[in-house]
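All values derive from a computational prediction rather than experimental measurement.
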Amino acid sequence: MSEPKSLLMVVTTHDRIDDSHPTGLWFEEFAAPYRLFRERGYRVTVASPRGGAAPIDPKSAPEDPDAPEARAALDALRDTRPLAELDPAAYDAVFFPGGHGTMYDLPNPTVGRVVAQFAAADKVVASVCHGPAALVDATLPDGTPLVRGRKITAFTDAEERAVELDQRMPFLLETRLRELGARFEPAPDWAEHVVVDGKLITGQNPQSSAAAAKAVIELLDQ
């Protein structure tokens with residue numbers, strides 16, 4: 001019997017856009033994939049750039065936090081591992097859920113190096129909604145942006161304007177990915193939409209969370 005797959009989920013621990021806008025992880029984007037991965041028998045490690053508790057965006061909090069699926073996800077977010085302490089070689093895939101908090105702490109050199117290591121080892125790199133912010137600082141060995149020429153999607157500029165946070169973000173994710181040379185493929189606002197380019201998987205929005213996780217499972221189970 002083969003060993004179960006090991007999967008790393010990396011979440012934000014940034015909890016505020018400004019004094020009037022608390023933020024964090026968008027709960028569905030973690031909870032739905034986490035459930036699917038565990039149902040598949042994967043060993044899941046939850047990490048973040050600095051470790052510790054992961055804040056939930058209040059607008060995404062589960063209606064019933066005591067429901068078994070919600071409770072399991074909430075428990076996994078109480079004490080995330082510091083990403084720098086983990087060895088990417090120990091995992092078969094990495095998944096970055098979104099939430100506006102990711103726009104502040106996923107674009108950093110440590111996250112970029114982790115993404116690059118997974119890609120260099122031909123392992124699955126997946127993200128959803130604002131999670132592709134993790135790709136911004138990832139480069140190939142020659143310094144080329146990892147996303148250059150790759151087909152991807154993410155929370156679109158139109159969706160950012162629709163939630164009226166486009167003027168409050170440190171940058172617009174679609175715009176930045178296009179500037180880095182990505183072949184960005186948007187769908188209509190709030191449509192379920194997942195793009196798979198080799199072992200790079202991206203989902204556009206919260207509605208794409210489960211579909212992105214299923215795409216990961218399909219690749220890992222080949």
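- Inter-residue side-chain proximity for Glu185 and His193 is flagged as met; some heavy-atom pair is nearer than 4.5 Å.
- Expressed to the nearest 0.5 Å, how far NZ of Lys199 lies from CD of Gln222 amounts to 7.5 Å.
- Panel note: side chain Thr102, backbone Ala133; no donor-acceptor pair is recorded below 3.5 Å.
- Looking only at side-chain heavy atoms (C-beta outward), Pro88 and Val94 stay at 4.5 Å or farther from each other.
- Identified under the side-chain hydrogen bond (donor to acceptor under 3.5 Å, both in side chains) test for residues 72-94, with sequence neighbours left out: Thr45-Tyr91, Ser48-Thr80, Asp75-Arg78.
- Although no hydrogens or angles enter the test, the distance criterion places a donor-acceptor pair under 3.5 Å between the side chain of Arg150 and the main chain of Asp197.
- Note that the CH2 atom of Trp190 and the CD atom of Gln204 stand 9.0 Å from one another [nearest 0.5 Å].
- The shortest heavy-atom contact between Ser127 and Pro132 is OG-CG, 3.2 Å.
- Residues Val46 and Val128 are members of one and the same hydrophobic cluster, defined by side-chain heavy-atom contacts under 4.5 angstrom among Ile, Leu, Val, Met, Phe, Trp and Tyr.
- Evaluated for a side-chain contact (heavy atoms from CB on, under 4.5 Å) with Tyr42, the options Arg40, Arg38, Glu39 yield exactly one hit, Arg40.
- Both cation-pi conditions hold for Lys123 and Phe118: the charged atom is under 6.0 angstrom from the six-membered ring centre and inside a 45 degree cone around its axis.
- To the nearest 0.5 angstrom, Thr139 atom OG1 is 10.5 Å from Leu180 atom CG.
- Aromatic ring pairs are classed by plane angle as parallel below 30°, tilted from 30° to 60° and perpendicular above 60°; the pair His100 and Phe155 is perpendicular.
- When all heavy atoms of Thr153 and Gly203 are compared, the pair lying nearest together is CG2-C, 3.7 Å.
- Minimum heavy-atom separation, Arg183 to Gly149: CD-O, 3.1 Å.
- Hydrophobic clustering (side-chain heavy atoms under 4.5 Å, transitive across Ile, Leu, Val, Met, Phe, Trp, Tyr) groups Val216 together with Val194.
- At distances below 3.5 Å, not a single donor-acceptor pair connects side-chain atoms of Glu159 with backbone N or O atoms of Asn205.
- Heavy atoms from other residues, nucleotides or ligands lying under 6.0 Å from CG of Asp19 number 12 at most.
- Val195 and Leu219 fall into different hydrophobic clusters, where Ile, Leu, Val, Met, Phe, Trp and Tyr are joined by side-chain heavy atoms under 4.5 Å apart, directly or via other members.
- Just one of Val147, Leu106, Leu173 meets the side-chain contact (heavy atoms from CB on, under 4.5 Å) condition when paired with Val136; it is Leu173.
- Formation of a donor-acceptor pair under 3.5 Å by the Arg113 side chain with backbone atoms of Ala138 is not found in this model.
- In this structure, Thr13 and Ala53 approach most closely via the heavy-atom pair CG2-O, 3.5 Å.
- Residues Arg178 and Glu174 are paired through a salt bridge, judged by an N-O separation under 4.0 Å between the basic side chain and the carboxylate.
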Practice prompt. For Arg161 and Thr156, run side chain to side chain contact (heavy atoms under 4.5 Å, CB included): C-alpha distance rounded to whole Å, both residues' side-chain angles, the deciding distance at 0.1 Å, then the answer.
Written response: CA-CA 9 Å; Arg161 287 190 288 271; Thr156 65; over 6 Å; no
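- For the atom pair OG of Ser209 and CG of Leu36, the computed distance is 10.0 Å after rounding to the nearest 0.5 Å.
- With values rounded to the nearest 0.5 angstrom, Ile56 atom CD1 is found 5.0 Å from Leu77 atom CG.
- Between Thr12 and Leu25, the shortest heavy-atom distance links the atoms CG2-N, 3.5 Å.
- Comment: Arg168 engages Asp18 in a salt bridge, judged by a side-chain N to carboxylate O separation of less than 4.0 angstrom.
- For the pair Met169 and Ile17, the minimum side-chain heavy-atom distance is below 4.5 Å.
- In this structure the side chain of Leu83 reaches within 4.5 angstrom of the side chain of Leu8, judged on heavy atoms.
- Between the side chain of Asp137 and the backbone N or O of Asn108, at least one donor-acceptor pair lies under 3.5 Å.
- Grouping the Ile, Leu, Val, Met, Phe, Trp and Tyr side chains by contacts below 4.5 angstrom, directly or via other members, places Val124 with Val196.
- Across Phe30 and Ala73, no two heavy atoms sit closer than the pair CE2-O, 3.6 Å.
- Aromatic ring pairs are classed by plane angle as parallel below 30°, tilted from 30° to 60° and perpendicular above 60°; the pair Phe95 and Phe37 is perpendicular.
- Put simply, OG1 on Thr23 and CG on Asp15 are 8.5 Å apart, with the number rounded to the nearest 0.5 Å.
- Within the 4.5 Å cutoff, the side chain of Pro82 has no heavy atoms near those of the Arg50 side chain.
- Taking the side chain as every heavy atom from C-beta outward, Ile201 and Val125 never approach each other to under 4.5 Å.
- Note: the hydrophobic cluster containing Val111 does not contain Met9 (ILVMFWY, side chain heavy atoms under 4.5 Å, direct or indirect links).
- Shown here are the salt bridge (charged side-chain N to carboxylate O under 4.0 Å, His left out) partners of Arg43, two or more places apart in sequence or in another chain: Glu3.
- Looking at heavy atoms from C-beta onward, Pro170 lies in side-chain contact with Tyr104 at the 4.5 angstrom threshold.
- Annotation: side chain of Lys59 is in contact with side chain of Trp26 (closest heavy-atom distance under 4.5 Å).
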